[in-house]
Protein chains: 2
Amino acid sequence: MNHSKKYSSDCGLNKVQKMVGGKWKLSLLWYISEETRRFGEIKRVFPDITQSMLTKQLRELESDGLLHRKIYKEVPPRVEYSLTKLGQRFVPILHSMSEWGESNLE
Amino acid sequence: MNHSKKYSSDCGLNKVQKMVGGKWKLSLLWYISEETRRFGEIKRVFPDITQSMLTKQLRELESDGLLHRKIYKEVPPRVEYSLTKLGQRFVPILHSMSEWGESNLE
DNA sequence: CGGTATCCTTGTGGATACTG
DNA sequence: CAGTATCCACAAGGATACCG
């Protein structure tokens, strides 16, 4: 990597920020990392996210390759979210961030 | 921590996001982590950030306790930014994120 | 050199109603 | 149950001009 790109918008760091920078994404990843979750389950645990927002953020995480979305063709419908390999490799970072954050709650 | 707060807006994870979620903050922290930097130096390395934006983001990082701002009462004025202890403890996370990001540039 | 002050644009998040 | 579709508010980001 040459120096002109070292801090540019296409470096790894900024890429990460774009992928997990959404208001709820870190928490969502954390929650889904614990185990596979259904949409309604997530919705219940995060009552402050509107349903449309939740769908949007989950879809963004999916299209960024962090989440897998599995649709069961049943009635009533059922959708489960789980981490991809990429998402799983992000979990340790998630833990570090949480720990760092907790350690300095004033 | 009780369950109702586990994923709430005041958990460590969301705190981290608020602190380093600004568009340029991760890169700024990285750059300043390498060594103490002068304002003009930062400005030159990040030509896409306007000066007012740069000041704003640096001040936010400062008031969140990540950066230290040292003013030398000289003419011409001189201001140096460096990481605080808290900021230094964030550097490993910064590295993990960068590595994770670089490892999946498509 | 290292800022402020002011104003403006955009992106992100959200409310609400409707649906296969 | 798990979504879409619209429309909207506001905060974050940015351009520009001036200053100690």
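Protein chains get the first letters and strands the later ones, always in sequence-line order, with residue 1 at the start of each. All values below come from the heavy atoms of this structure, side chains included, with hydrogens, waters and symmetry mates left out.
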Practice task
May I ask you to decide if B:Glu62's main-chain N or O and B:Arg69's side chain share a donor-acceptor pair within less than 3.5 Å?
Solution key: no
Practice task
Flag the pair A:Gln57 / A:Leu28 as yes when at least one side-chain heavy-atom distance between them is below 4.5 Å, and no otherwise.
Solution key: yes
Problem - Side-chain ion pair, A:Lys15 and B:Glu102, N-O less than 4.0 Å - result: no
Completion exercise
When A:Arg59 and A:Pro76 are each assigned the nearest nucleotide of DNA chain D, the 5'-most assignment goes to A:Pro76
Practice task
Take atom CD of A:Glu74 and atom C1' of D:dC1, then tell me their distance rounded to the nearest Å.
Solution key: 11 Å
Restricting both atoms to N or O, compile the protein contacts to nucleotides 16-20 of chain C shorter than 3.5 Å, with distance only.
none

Could I get a table of every N or O pair under 3.5 Å where one atom is in the protein and the other is in nucleotides 11-13 of chain C?
residue: C:dG13; atom: OP1; partner: A:Lys23; partner atom: N; Å: 2.6
residue: C:dG13; atom: OP2; partner: A:Gln57; partner atom: NE2; Å: 3.0

Problem - Nearest-Å distance for atom pair NZ/P, residues A:Lys43 and C:dA15 - result: 13 Å
Problem - Side-chain donor/acceptor of B:Glu41 to backbone N/O of B:Arg38, under 3.5 Å - result: yes
Practice task
For the pair B:Trp30 and B:His95, name the ring-plane relationship: parallel under 30°, tilted 30 to 60°, perpendicular over 60°.
Solution key: perpendicular
Practice task
Could you state the atom-to-atom distance from NZ of B:Lys70 to P of C:dG2 in whole Å?
Solution key: 15 Å
Fill in the blank from the handout: A:Arg69 CZ to D:dA2 C1', in whole Å, measures 9 Å
Practice task
Give a yes or no on whether a salt bridge exists between A:Arg37 and A:Glu35, defined as a side-chain N under 4.0 angstrom from a carboxylate O.
Solution key: yes
Completion exercise
In whole angstroms, the gap separating P of D:dA12 from CG of B:Leu58 amounts to 17 Å
Exercise for the section: Under 4.0 Å between any heavy atoms, over every strand shown, what does A:Arg44 touch: base, sugar-phosphate, or nothing? Just pick one. Expected result: nothing
Taking only distance into account, with no hydrogens and no angle test, what donor-acceptor pairs under 3.5 Å do side-chain atoms of residues 70-79 of chain A form with protein atoms, sequence neighbours excluded?
residue: A:Tyr72; atom: OH; partner: A:Glu80; partner atom: OE1; Å: 3.1
residue: A:Arg78; atom: NH2; partner: A:Glu80; partner atom: OE2; Å: 2.9

Practice task
With heavy atoms under 4.0 Å as the rule, sort A:Tyr72 into base, sugar-phosphate or nothing.
Solution key: nothing
Completion exercise
B:Ile49 CD1 to C:dG2 P, in whole Å, measures 15 Å
Practice task
Take atom CG of B:Asp48 and atom C1' of D:dG13, then tell me their distance rounded to the nearest Å.
Solution key: 13 Å
Handout entry: For atom CD of B:Gln17 and atom C1' of D:dA12, their distance in whole Å
Key = 14 Å
Practice task
May I ask you to test the A:Asn104-B:Met19 pair for a side-chain heavy-atom distance under 4.5 Å?
Solution key: yes
Exercise for the section: Check whether any side-chain N or O of A:Arg38 sits under 4.0 Å from OP1 or OP2 of D:dA2, and answer yes or no. Expected result: yes
Handout entry: Mutual orientation of the aromatic rings belonging to B:Phe39 and B:Tyr81 [parallel < 30°, tilted 30-60°, perpendicular > 60°]
Key = tilted
